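Before any comments, here is the structure.
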Amino acid sequence: MASRPRFWLFKSEPSAYSFEELQRDGTTFWDGVRNYQARNLMRDQMRVGDGVLFYHSNAKPPGVVGLAEVCREAYPDPTQFEQGHPHQDPGSSPEDPRWLMVDVRAREALGRFVSLDELKADPQLAEMGVVRRGNRLSIQPVSPAEWRRVVALSKRKLSV
DNA sequence: GCCAACGTTGGC
DNA sequence: GCCAACGTTGGC
């Protein structure tokens with residue numbers, strides 16, 4: 001079988017669920033993904049132990065705040081069946097669930113916050129999904145080199 | 001608040 | 001199957 005991604009970037013709006021909350025909770029279920037591409041990545045590629053860059057979107061500034069890992073593989077997202085839930089999907093049924101989620105567990109916070117500006121400015125990260133304009137995918141594969149680079153940046157003093 | 005990017009929906 | 005309309009994302 002071909003190699004699969006072992007690292008991911010998960011976007012979350014900190015006003016909805018922040019990395020600090022994940023650290024407090026320890027683990028959480030990643031409900032609410034309603035995009036087929038992101039669902040397929042979870043279903044087909046994501047495995048327990050995969051690394052997760054926790055990214056704060058719609059934040060000031062946006063950027064990567066911490067590390068986490070997948071701790072349970074894809075299973076049905078119950079919110080799709082909840083009456084009146086904002087993520088309810090009347091077209092999905094428990095017999096054939098359309099939407100899945102994984103569980104994630106907090107690892108450590110990064111040495112420091114690595115902003116989107118800094119990711120964009122780094123030539124080694126030019127191919128990273130999150131720096132590309134218009135990329136709205138909330139779950140993205142990250143290469144091993146990109147993972148190492150982001151972690152390395154977080155351990156380095158911010159050059160001004 | 002603006003708006004570009006992009007996914008989804010539905011008429012045809 | 002095309003594509004215009006619409007809704008959402010998310011940086012700025």
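Just so you know, these numbers come straight off a predicted model, no measurement behind them. So you know, we letter chains A, B, ... as the sequences are listed, proteins then strands, and number each from 1.
Remark: the backbone N or O of L41(A) is not paired with any side-chain donor or acceptor of Q45(A) at under 3.5 angstrom. Counting only distance, with no hydrogens or angles, the side chain of R148(A) and the backbone of S143(A) share no donor-acceptor pair below 3.5 Å.
Listed here is the closest heavy atom pair of Q80(A) and D77(A): NE2-O, 2.8 Å.
Counting any heavy atom pair closer than 4.0 Å across all strands shown, K60(A) reaches no nucleic acid atom.
E21(A) and S18(A) share a donor-acceptor pair across their side chains, judged by distance under 3.5 Å alone.
Nucleotides of DNA chain C that come within less than 4.0 Å of any heavy atom of chain A span, from the 5' end to the 3' end, dG7(C) to dC12(C).
The only member of F54(A), W8(A), Y75(A) that meets ring pair (Phe, Tyr, Trp, His ring centres under 6.0 Å) when paired with W30(A) is F54(A).
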